[in-house]
Amino acid sequence: MQWKMMKPARVGGLDLRNRLVRSATWEAMCDEGGHMPRELLDLYEQLAEGGVGGIVTGFTGVDGDDRWFDGMARLHSDSLVSEHAELVRRVHARGAKIMPQLALGGYWPKGAADPVEVGRMSQADLDRCVRMFADAACRAQAAGYDAVQVHVAHGFFLSRTVSAARNRRTDAYGVTQHGRDKLACDVVRAVREAVPELPVWAKVNCSDFEPGGLVPQDALVLCEDLADAGVSAIEVSGNGTSRGGVRAGRGEGYFLPFAEELDGRVGPDVVCVGGWRSPQVMDQALAQTGVAALSLSRPLVREPGLPARWAAGSDAPSACVSCNACYRTPGHACIFNLRKVGE
C-alpha cells in the first residue's frame, strides 16, 4: 500500500520526500559548550537514512549562559558552525531536510548567577533576547540548514512569556494575549529579517495544562500573531506532551483537534505531533483535515527506520509502547533497544 503520508509534499516552505517530520527530541548528549559528539551526528544520520522527510534537531541554545537543561546543543558562537555544517552534510546526503530548533530555556543577564523571568527584564534585556535568536539563525544559515524553528512551547522561555500565568507585565509586552505574544513575534520578525532565505517555523503549545496558563483560545491568538509575524509553519504540541498509554488506534493524535481548528484560522502550514503510532490513523488524519504533516518523536527513538518501513508498504504500527523510559536512559535512547545491545 502507498500511504498518503509517504508521498512528497511541500511543507512550510520545504520540499520534503514525505509528510513525516522528526519532532525535536532532547538527546542530552552535548557538552557544556554545546559541542556535539560523534554519537549524536551518527544518530541524526541514522534518522535521515531511516526515511523521515524532515528533521527538527533537539533544542539548540541561542545563549551560551543558558543552563536550563544539561546536554543541549548550542548555536551561540561562530565556533560551533563547522560541526553543525557537518551535521547538515550528513543528513542531506541521506535525502532529508533539517532545521535547528532555536531555543532559550531561561534568560541569564550577563554576569547573573540566576535566570530572570520576563517580568523582570529591561528593554535592553528584551532586545538582547531577540538578537540572540537572530544571530543564532544567521549561524544556522551559515551551516547550511534548510529552515529554523523557534521554540515557543514546553515551558521554555518564550512559552512562558506568552502565558498569563507567567507573564504579568503591564506594558506592551503583557496585559493582553497580543501583548504577551509580542516578544515571540519580535523574535520571529528579527529572524526573518536576518535570514530572509530560510523558512521560519514555530512550535507552540495548544495548552499549558496548568492553572492560569495558555488555553486553546489563547493559543489560537498566539498562532495568528505568529502568522502575521511571518512563520511558514506551526507545529502544534502542548506542555507535558509525552503521554503514556498510547497504542495503535488508542489515544493517537491527541493534539489533532486543535491542529485542525488552527488550520482553518491561519495561512502557514500546520504540523501536528502527539502520539502517532499507526499508518492507518495517520493517513486518515491527513486525508480528513488540512494538516500538512505529522511529526514523531518517541516512535523514532524506538525505530529510526520506521518511515522507510512504511514507505516499503508495511502496515504494522510503531513498536513504541509510550513507556517514557527514554527520559531516564543515557542519550535518551529507547530502553528496549538498550536491552538488545546488552543481550
Side-chain angles (χ1 to χ4, degrees), residues 1-11 14-25 27 39-58 90-99 235 241-256 271-289 291-326 329 331-343:
M1 176 181 291
Q2 178 62 58
W3 302 107
K4 174 182 173 69
M5 63 185 180
M6 301 312 302
K7 295 180 179 178
R10 186 165 179 82
V11 180
L14 299 178
D15 292 317
L16 304 181
R17 60 186 172 188
N18 56 56
R19 293 178 182 268
L20 299 183
V21 176
R22 188 267 198 165
S23 195
T25 302
E27 300 98 358
E39 291 80 5
L40 184 56
L41 299 178
D42 292 346
L43 184 152
Y44 281 108
E45 187 171 11
Q46 186 180 24
L47 284 166
E49 190 169 10
V52 72
I55 294 173
V56 185
T57 69
R90 289 196 187 195
V91 168
H92 282 173
R94 299 296 185 268
K97 300 293 175 64
I98 184 168
M99 70 186 80
E235 184 184 10
T241 60
S242 300
R243 299 183 183 180
V246 180
R247 298 289 190 278
R250 188 181 79 193
E252 292 190 64
Y254 40 81
F255 295 130
L256 182 62
V271 180
C272 184
V273 74
W276 301 113
R277 297 292 181 271
S278 59
Q280 298 87 350
V281 172
M282 296 167 70
D283 247 31
Q284 184 179 43
L286 290 172
Q288 296 181 354
T289 73
V291 170
L294 305 176
S295 47
L296 304 164
S297 177
R298 290 174 293 171
L300 297 178
V301 174
R302 176 74 186 264
E303 191 177 357
L306 180 61
R309 176 161 68 77
W310 284 338
S314 171
D315 62 359
S318 164
C320 178
V321 297
S322 308
C323 67
N324 290 338
C326 50
T329 59
H332 293 182
C334 177
I335 193 171
F336 295 98
N337 293 343
L338 291 175
R339 287 174 179 171
K340 288 179 182 178
V341 172
E343 289 175 353

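With respect to the salt-bridge test (charged N to carboxylate O, under 4.0 angstrom), the residues Asp283 and Lys4 do not qualify. Salt-bridge annotation for Arg277 and Glu303: absent, with no side-chain N of the basic residue lying under 4.0 Å from a carboxylate O of the acidic one. Under 4.0 Å is where a charged nitrogen must lie from a carboxylate oxygen, and between Asp42 and Arg90 at least one such pair does.
The nearest pair of heavy atoms linking Pro317 to Pro279 is CA-CD, 4.1 Å. Nearest heavy-atom pair across Gln2 and Lys7 is CG-CE, 3.7 Å. The heavy-atom pair separating Cys326 from Val301 by the smallest distance is CB-CG1, 4.2 Å. Of all the heavy atoms in Val246 and Gly275, the pair that sits closest is CG1-O, 3.4 Å.
Separation of atoms CH2 (Trp276) and OG (Ser295) is listed at 9.5 Å; rounding is to 0.5 Å. Between Met6 atom CE and Arg309 atom CZ the span is 11.0 Å, to the nearest 0.5 Å. Rounded to the nearest 0.5 Å, atoms CD1 (Ile98) and CG (Leu47) are 9.0 Å apart. With rounding to the nearest 0.5 Å, the separation of OG1 in Thr57 from CG in Leu43 is 11.5 Å. With values rounded to the nearest 0.5 angstrom, Arg10 atom CZ is found 9.0 Å from Leu16 atom CG. The CD atom of Glu45 sits 12.0 Å away from atom CG of Leu40, with the distance rounded to the nearest 0.5 Å.
With hydrogens and angles disregarded, no donor-acceptor distance shorter than 3.5 Å links the side chain of Asn18 to the backbone of Pro8. Using modelled atom types, no side-chain atom of Arg22 and backbone atom of Leu296 make a donor-acceptor pair closer than 3.5 Å. Here the side chain of Trp310 pairs no donor or acceptor atom with the backbone of Ser278 at under 3.5 angstrom. The closest donor-acceptor contact from the side chain of Thr289 to the backbone of Leu286 lies at 3.5 Å or more, if one exists at all.
In this model, a donor atom of one side chain and an acceptor atom of the other lie less than 3.5 Å apart for Glu27 and Tyr44.
The side-chain heavy atoms of Leu300 and Val52, taken from C-beta on, include a pair separated by under 4.5 Å. Contact annotation: the side chain of Glu235 never approaches that of Cys272 to less than 4.5 Å [non-hydrogen atoms, C-beta and beyond]. Between Trp3 and Met282 the shortest side-chain heavy-atom distance does not fall below 4.5 Å. Residues Val91 and Ile55 meet the side-chain proximity criterion, which asks for heavy atoms closer than 4.5 Å. Proximity of Phe255 to Val291: side-chain heavy atoms (C-beta onward) are nowhere separated by under 4.5 Å. Here the side chains of Leu294 and Arg19 are not in contact, with every heavy-atom distance at 4.5 Å or above. Residues Met5 and Leu20 form a side-chain contact, since some pair of their non-hydrogen atoms from C-beta on lies under 4.5 Å apart. Side-chain contact between Ser23 and Val56 is absent, with no heavy-atom pair separated by less than 4.5 Å.
Seen from the ring of Phe336, Arg302 counts as a face-on cation partner, given the 6.0 Å and 45° thresholds.
Looking at residues two or more places apart in sequence or on another chain, you find no salt bridge (charged side-chain N to carboxylate O under 4.0 Å, His left out) involving Arg17.
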